[in-house]
Enquirer: 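Just dropping this structure here.
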Number of protein chains: 2
Amino acid sequence: MPQADTKTRILDAAEKLFARDGFHNTSMRGITGLARVNLAAVNYHFGSKDALLLAVIERRIVPLNQIRQEKLQTVLEKAQAAGQPPSARQLLQAFIEPTLAFRSSGPGAEDFIALIGRALSEPDETVRACFIQQVLPIFKLLFAGLHQALPELSDQILLTRLQFTMGAMSHMMCASTRPVLHLPGFPEPLQETEMVAELISFVCSGLEAPC
Amino acid sequence: MPQADTKTRILDAAEKLFARDGFHNTSMRGITGLARVNLAAVNYHFGSKDALLLAVIERRIVPLNQIRQEKLQTVLEKAQAAGQPPSARQLLQAFIEPTLAFRSSGPGAEDFIALIGRALSEPDETVRACFIQQVLPIFKLLFAGLHQALPELSDQILLTRLQFTMGAMSHMMCASTRPVLHLPGFPEPLQETEMVAELISFVCSGLEAPC
DNA sequence: GTCTATAGATTGATAGAC
DNA sequence: GTCTATCAATCTATAGAC
């Protein structure tokens, strides 16, 4: 694809730069330069820099959320059919695996994962609100499922532990493109598949910790 | 203290705004306005905006690291005296508790914790490098201690799980001043002391998960 | 739809009086 | 040390020709 659509080229360039440099440290000139389009094209196609960010996020998060929702619902339905509570591990797998597998879904998807991995710690209210709004339905589904899987935990404790889970997960999503703690004298980071498996084990054990 | 030192007022104002709005979204005029000092004062006292950020971080992280280092070394020495490996829980306590207790160490310390909580996911290389450089010695001490506490884990797995730990911890540090997932229909977040205890339990279980 | 040109605001930094 | 005034660069956004 030597010459994609102008809108697409802008989205791709913005995704890359927002992920790499952060929203406020990315200029329209940087985006249009990388996309090889005219400076005015962003405002023509998207209206503003803020609106462009929303478009960047929504383009990918809608299909991602659909996958996560389907997987979560499959786990919940199978458990219901078997007359048993769902397993915490399967629920977490349904939430986490598609998110990181999404990275291989195409060029730029990697940047996107880093971008939304940072969204939870993003200082800018606009960015965070957009992300949370998009993820909220999935998060509720996960919360309800885990409540059945771990009935001994109070709502408050479960939410707290789920926040730690989100923290560990976002950190891994950020670290994908840019090694965060890869330093001389420390071992090489794991490959992605093993990393995901480790993350799921880690948060499973954490969620199931004794009270 | 109605009128602190000019340098101190600048540091306090910058800390607050960097934590709240992010480094690139904070202007010198915003800082000097809040500090009620002249615009030129920042460059006179610190040289540049970048140098101001370093000063903001170093002012607090040096005493914090000293506390963490002392606590870690106490745990390690007691274990050595008893001829036993240190306990993972005690090591994590020594690392985590002072960090969050630091919030109560004075006005503004809370902002600082949010600031360094976000540092790991910070896109800006300058910010992240400064933070990592400061934390590295403590991190190495923690890594070595956990290696003794959990000898069945390979270096690679231990590092991976320690990264998840840092992720959960940073997320909690960010969330302190600004509720991240506190939404209608969800329970109230825990109080700080209970939250810290929960975090320690969570990451302990995660680190000790079967391979 | 794409371009040039530019408005209009804001930025970090500095020179020089006091 | 603190101030005013300002530079030079950069930013987002838009008007208007093609």
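Here the structure is a predicted model, which is why all the values come from computation and not from measurement. Sequence lines set the chain letters: A, B, ... in the order given, protein chains first and strands last, and positions in each chain run from 1.
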Enquirer: Going from OG on Ser205(A) to CZ on Arg161(B), what distance comes out if it is rounded to the nearest 0.5 angstrom?
Expert: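 It comes to 7.0 Å.
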Enquirer: Distance check needed: dC11(D) C1' versus Met28(A) CE, whole Å only.
Expert: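 Answer to the nearest Å: 10 Å.
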Enquirer: Determine the minimum heavy-atom distance between Leu146(B) and Leu162(B), stating which atoms define it.
Expert: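 Heavy atoms of Leu146(B) and Leu162(B) come nearest at CD1-CD1, 3.6 Å.
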Enquirer: Could you tell me the separation between the CG atom of Leu53(B) and the P atom of dA13(C), rounded to a whole number of Å?
Expert: 12 Å
Enquirer: Return the value, rounded to whole Å, for the distance between atom NZ of Lys49(B) and atom C1' of dT11(C).
Expert: 9 Å
Enquirer: Can you tell me the distance, in whole Å, between the CZ atom of Arg36(A) and the P atom of dC3(C)?
Expert: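 So the two atoms are 12 Å apart, to the nearest Å.
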Enquirer: Starting at atom CD1 of Ile31(B), determine the distance to atom C1' of dA13(C), rounded to an integer number of angstrom.
Expert: 13 Å
Enquirer: Quick check for you: to the nearest 0.5 Å, what is the distance between Ile31(A) atom CD1 and Ile10(A) atom CD1?
Expert: 8.5 Å
Enquirer: When you check the phosphate oxygens OP1 and OP2 of dT2(D), does a side-chain N or O of Thr6(B) lie under 4.0 Å from one of them?
Expert: yes
Enquirer: With heavy atoms under 4.0 Å as the rule, sort Thr26(A) into base, sugar-phosphate or nothing.
Expert: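 Here Thr26(A) touches the backbone only, sparing every base.
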Enquirer: To the nearest 0.5 Å, what is the distance between CE on Met28(A) and OG on Ser48(A)?
Expert: 7.5 Å
Enquirer: According to ring-ring contact (aromatic ring centres under 6.0 Å, His included), who are the partners of Phe23(B), at least two apart in sequence or on a separate chain?
Expert: Phe18(B)
Enquirer: Give a yes/no on whether any side-chain N or O of His45(A) is located under 4.0 angstrom from OP1 or OP2 of dT2(C).
Expert: yes
Enquirer: What one-letter contact string describes nucleotides 4-10 of chain C from 5' to 3', where B marks a base within less than 4.0 Å of any protein heavy atom, S marks contact via sugar-phosphate atoms alone, and - marks no contact?
Expert: B------
Enquirer: Roughly, in whole Å, what's the span from OH in Tyr44(B) to C1' in dT4(D)?
Expert: 17 Å
Enquirer: I'd like to know if the side chain of Gln134(A) pairs up with that of Glu58(A) as donor and acceptor (distance under 3.5 Å, no hydrogens or angles considered).
Expert: yes
Enquirer: Between dT10(D) atom C1' and Asn25(B) atom CG, what is the distance in whole Å?
Expert: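 In whole Å, dT10(D) C1' lies 15 Å from Asn25(B) CG.
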Enquirer: Closest heavy-atom contact between Phe102(A) and Ala109(A)?
Expert: O-CB, 3.3 Å
Enquirer: Write down the distance between CG (Leu52(B)) and C1' (dA13(C)), rounded to a whole number of angstrom.
Expert: 14 Å
